[in-house]
Each structure stands twice: as structure tokens, then as C-alpha cells.
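Notes follow the structure.
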Amino acid sequence: MKIAVTHRGGEVFQHFGHTEQFKIYEVENGEIKAIKLADTNGSGHGALAGFLKDNGVDTVICGGIGGGAQTALKDAGITLYGGVQGSADAAVVALLSGKLTFNPDVHCDHHDHEHGEGHTCGEHGCGNH
């Protein structure tokens, strides 16, 4: 199993489509065997699903994520755990122990509104973008 976490400064980055780096964990028998940082090289939104699939990822942990990216991940056969906050490492440990707090209905429409009054991206926060 390979788990990719949107990553910035050790934390789960809060906007999937703008992530510049994933922290990828190789897991065998419930244990982390290897960790690497992978730069996205400017890939955005839909292209990130292909980037992850090309890297053998089957699970993603992230903060906010829009509907198009969710569909792209689903079409690529990648399981999504969205709406996650905090340490990337702690999120993976929590997932492996069955204790990850996530939002299966996370959705963020950053392209359909301006940030400010009326902004409704849920509890995950929107990060800096």
C-alpha cells in the first residue's frame, strides 16, 4: 500500500489542487517501511490523480479537495480521506490504526466563489491560496 499526504511543513496541506509536494508512505503489513517527498512540479487538480497513480499511490490523505479532483482520484482507483488536519505523519499512523478523523463528504468549490463573506468550505479550512 502507498499512502500520499498533501504536505507542507510537516502538516497536511489544506488545498489538494495547489499542493506542491506529497509525502508518500510505503506500508507493508500495517507498518511504514519507507517515506519519500515527491514534488508535483506544478501539476494541478486533475493532473495530480495521474501523478499519484504513476507513483503507485492507492490512498490519499488531504485537507480540502474539490469535486473534480475527487472524481479524478476515484476514476484512478485511489481511496480518499479528506478534511484531515494536523501532522502528516500522525494522520498516516491514525489511518493505519483505524483512528483517522476525516470527512467523507469534504468538498471545496474554490473556483466558484471569492474568499470572504459567504465562504463555505466546511471545517477543514482552506489553507493559503
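Remember, predicted model here, so these are calculated numbers, not experimental data. These values consider heavy atoms only, across backbone and side chains, with no hydrogens, waters or symmetry-generated copies.
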message: Run the side-chain contact (heavy atoms from CB on, under 4.5 Å) test on Phe22 and Val5 for me, step by step, so that the C-alpha distance in whole Å, both residues' side-chain angles and the decisive distance to 0.1 Å come before the verdict.
response: CA-CA 5 Å; Phe22 285 97; Val5 181; 5.9 Å; no
query: Counting only N and O atoms by type, is there a donor-acceptor contact under 3.5 Å from the side chain of Gln85 to the main-chain atoms of Phe13?
result: no
Over all atoms of both residues, closest heavy-atom pair of Gln70 and Ile65: NE2-O, 3.2 Å
task: Starting at NZ of Lys53, measure out to CG of Asp75 and round the result to the nearest 0.5 Å.
output: 10.0 Å
field: Nearest non-hydrogen partners of Phe51 and Ala38, listed with the distance
entry: CZ-CB, 4.0 Å
- request: Starting from the C-alpha separation in whole Å, work towards a yes-or-no answer on side-chain contact (heavy atoms from CB on, under 4.5 Å) for Leu73 and Phe16.
  value: CA-CA 11 Å; Leu73 290 174; Phe16 177 85; 4.1 Å; yes
message: Can a donor-acceptor pair be found, under 3.5 Å and without considering hydrogens, that links the side chain of Asn103 to the backbone of Asp105?
response: yes
task: List the steps and the verdict of side-chain contact (heavy atoms from CB on, under 4.5 Å) for Leu80 and Cys62.
output: CA-CA 8 Å; Leu80 172 64; Cys62 68; 3.7 Å; yes
- line: Closest non-hydrogen atoms of Gly17 and Leu48, given as atom of the first, atom of the second and distance, are CA-CD1, 4.0 Å
- request: Among Leu37, Ile3, Thr6, find the one that has a side chain to side chain contact (heavy atoms under 4.5 Å, CB included) with Lys23.
  value: Leu37
- line: So the salt bridge (charged side-chain N to carboxylate O under 4.0 Å, His left out) pairs with at least one residue in residues 54-70 (sequence neighbours excluded) are none
- prompt: Closest heavy-atom contact between Ala88 and His7?
  reply: CB-CD2, 4.0 Å
- prompt: Looking at residues at least two apart in the chain, or sitting in another chain, which of them share a side chain to side chain contact (heavy atoms under 4.5 Å, CB included) with Thr79?
  reply: Thr59, Tyr81
Contacts of Lys99 that satisfy salt bridge (Lys or Arg N to Asp or Glu O under 4.0 Å) - sequence neighbours left out: none
Tabulate below the donor-acceptor pairs under 3.5 Å that side-chain atoms of residues 24-32 make, not counting sequence neighbours, or state none.
from	atom 1	to	atom 2	distance (Å)
Tyr25	OH	Asp89	N	3.4
Tyr25	OH	Asp89	OD1	2.6

- prompt: Given Val12, which of Val84, Val92, Thr19 fulfils the side chain to side chain contact (heavy atoms under 4.5 Å, CB included) condition?
  reply: Val84
query: Is the NZ atom of Lys2 crowded by more than 12 outside heavy atoms at less than 6.0 Å?
result: yes
